[in-house]
Amino acid sequence: MTGGQFFYPDDREASNAAKVAALESLLIEKGVITGQTVDKVLSYFESEMTPLNGRKIVVKAWTDPQFAARVVGDTPAAVAELDLPEGMAGAEGEHLQAVANTPGVHNLIICTLCSCFPWPVLGLPPYWYKDPVFRARAAREPRKVLAEVGVDLPEDTEIKVWDSSGHSRWFVIPQRPPGTEDFTDDMLMEMVTTESMMGVALAGPVP
Amino acid sequence: MKLQHYLGGLEGLPEPLSLEKRVFVEDWEKRIFGIHVAMMGLSNHLGSALPHYPIEEVPTSFDDEWTWADLRAGAEAMNPFDYFKFRYYEKWLGGITRFFIDKGYLTEDELVSREKELTADVAPEPRDPVPAIDEQVEDYLRKGDSPRRDIAHAEFAVGSRVRVTNVPAAAHTRLPGYLRGREGTVERVFEGDYAYFCHTGDGIGDPMPIYIVTFAPDELFGERAEGGPLTIYAELFEAYLEGV
């Protein structure tokens, strides 16, 4: 192979696609999975385990101070109160834990060893969360990393970095954006993104 | 020493950071993700998981254990330069394919032949549906596989000063390398004792307490610590901690 350490063949993606198609086809033929298994899994993530659940939790916390306290104190119990799909304590949600941003504290969730992510409330992790560069840099210089992605925090705001190396699956309750006092729940939901629920963005209008 | 265990704090990496917000950047990535979830949902250890899945009765030919520990151990076993070279789901595709070959479910030759058959549109028709397989996978997604096994039997209390152990590296670990040998303070003792999917060889596996330990940035990174108020919180199994 020529081209140095990071040479990639021109047919990189076509080759990957052909390999995974062959693998799936053989696994179906050999009775490991069925012809519907992968599609059913993907469908489950589109309909049940989506960031919509997390956005509902955040908006409830913004509009109900007692819920806001409960969701941090006992996240699974608080989440169970809401009208969310069955399975919020399912795979990768067995031990959910929320942390809340406040005027003096900004939380950032990372996973330096892998990519632990709270599937039931946020769905699947975006690529940035799994990026070794983000995982490496956010541990030592979170303030700089946050500034680079557009989160400029006041100098005296404390950053809390949570490294997900145990059983908990973490997410952030971002601060409610100013000027949203008259917003309906649906309008508030539009202010919440996966990024703001992991701490690499603030809640607010999405461009 | 494995670079993959020491990502936290690694310097010299590209900046500024930009956020790729997509979950999948190629359609094929969805397929390997789905295969991995199916393997977790059909893993033969699930009969002893807390929801007591009837895994023995599920009509799949899959008869092995497959958990996050297997996927992670594979990623940690990679050539570290390849680890950076390949995208997330490329690593999954490589690791999962290798697993099925090593365990004898299929061969390299079969994979090559099937690629050609699919290209020529002469692959065999899929078998009849087997709903019980898919139902088990969905049941796993809904009910999960909690590692909690007991109430906590904790050696350390909130406020205790602890030092992270510096045990020899194992093939797989849940101890972030940048914490090794560092001192911190117990912030929280979780409610239970928690097992891990496997015995990693560096102390975890059997049920034990997990703590949140706080670290000051200069304890971890010395003069290279970032200025400004910052606290690092890590979740650590008791086996990775010793009293100070």
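Convention: sequence-line order gives letters A, B, ...; per-chain numbering from 1. Remember, predicted model here, so these are calculated numbers, not experimental data. Values below: all heavy atoms of this structure, side chains included; hydrogens, waters and symmetry mates excluded.
Proximity of B:Lys30 to A:Phe45: side-chain heavy atoms (C-beta onward) are nowhere separated by under 4.5 Å. Counting heavy atoms from C-beta on, the side chains of A:Leu26 and B:Tyr105 never come closer than 4.5 Å. Contact of the A:Lys19 side chain with the B:Thr97 side chain is not registered, since no non-hydrogen atoms from C-beta on lie closer than 4.5 Å.
The part of A:Thr157 that comes within reach of chain B is its backbone (N, CA, C, O), which places non-hydrogen atoms under 4.5 angstrom from that chain. Neither the backbone nor the side chain of B:Tyr196 comes within contact range of chain A; no heavy atom of the residue lies under 4.5 Å from a heavy atom of that chain. Contact annotation for B:Pro131: neither backbone nor side-chain heavy atoms come within less than 4.5 Å of a heavy atom of chain A. Of the atoms belonging to B:Glu90, it is side-chain heavy atoms, and not backbone ones, that fall under 4.5 Å from chain A. Of the two parts of A:Glu148, the backbone and the side chain both hold a non-hydrogen atom closer than 4.5 Å to a non-hydrogen atom of chain B. No part of B:Leu220 comes within reach of chain A, as not one of its non-hydrogen atoms sits under 4.5 angstrom from that chain. Contact of B:Val58 with chain A is not made at all, since no heavy-atom distance falls under 4.5 Å. Residue B:Phe215: no heavy atom, backbone or side chain, is found under 4.5 Å from chain A. For chain A, the nearby part of B:Met40 is the side chain; its heavy atoms alone come within less than 4.5 Å. In this structure, chain A has heavy atoms under 4.5 Å from both the backbone and the side chain of B:Arg31. Heavy-atom distances place the side chain of B:Pro124, and not its backbone, under 4.5 Å from chain A. Residue B:Leu93 touches chain A through its side chain alone, counting heavy-atom pairs closer than 4.5 Å. For B:Tyr140, the parts lying near chain A are the backbone and the side chain together; criterion is any non-hydrogen pair under 4.5 Å. Proximity to chain B (any heavy atom under 4.5 Å) is shown, for A:Tyr129, by neither the backbone nor the side chain. Contact of B:Leu141 with chain A is made through backbone and side chain together, with heavy-atom distances under 4.5 Å. Only the side chain of B:Ile212 comes within contact range of chain A, judged by heavy atoms closer than 4.5 Å. If you measure heavy-atom distances from A:Phe134 to chain B, the contacts under 4.5 Å come from both the backbone and the side chain.
Note on B:Arg142 versus A:Glu48: salt bridge recorded, some NZ/NE/NH1/NH2 to OD/OE distance being below 4.0 Å. A salt bridge is defined here as a Lys NZ or Arg NE, NH1 or NH2 lying under 4.0 Å from an Asp or Glu carboxylate O, and B:Glu11 with A:Arg140 meets this definition. Under the 4.0 Å criterion applied to side-chain N and carboxylate O atoms, B:Arg87 and A:Asp131 are not assigned as salt-bridge partners. Under 4.0 Å is where a charged nitrogen must lie from a carboxylate oxygen, and between B:Glu226 and A:Lys144 no such pair does.
When atom types are taken as modelled, the side chain of B:Thr231 and the backbone of A:Lys160 share no donor-acceptor pair closer than 3.5 angstrom. Proximity of a side-chain donor or acceptor of B:Glu235 to a complementary backbone N or O of A:Ser168 within less than 3.5 Å is detected.
Taking the centre of each ring, B:Phe190 and A:His95 stay at or above the 6.0 Å mark.
For the set B:Phe237, B:Tyr6, B:Tyr89, the count of heavy-atom pairs under 4.5 angstrom toward chain A peaks at B:Tyr89. Of the listed residues (B:Leu230, B:Ile32, B:Leu106), the one with the most heavy-atom contacts under 4.5 Å to chain A is B:Leu230. In terms of heavy-atom pairs under 4.5 Å with chain B, the best-connected choice from A:Ala136, A:Gly87, A:Pro120, A:Ala139 is A:Ala136. When B:Val137, B:Asp145, B:Ile210, B:Asp134 are compared by the number of non-hydrogen pairs under 4.5 Å with chain A, B:Asp134 comes out ahead.
Contacts between residues 111-121 of chain B and chain A, defined by a heavy-atom separation under 4.5 Å, are made by B:Leu111, B:Arg114, B:Glu115, B:Leu118.
Using the six-membered ring where Trp is involved, B:Tyr88 and A:Tyr127 have ring planes that are perpendicular, over 60° apart on the 30 and 60° scheme.
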Trace of the salt bridge (Lys or Arg N to Asp or Glu O under 4.0 Å) decision for A:Lys30 with B:Glu110: CA-CA 12 Å; A:Lys30 291 168 184 289; B:Glu110 284 180 301; 2.8 Å; yes
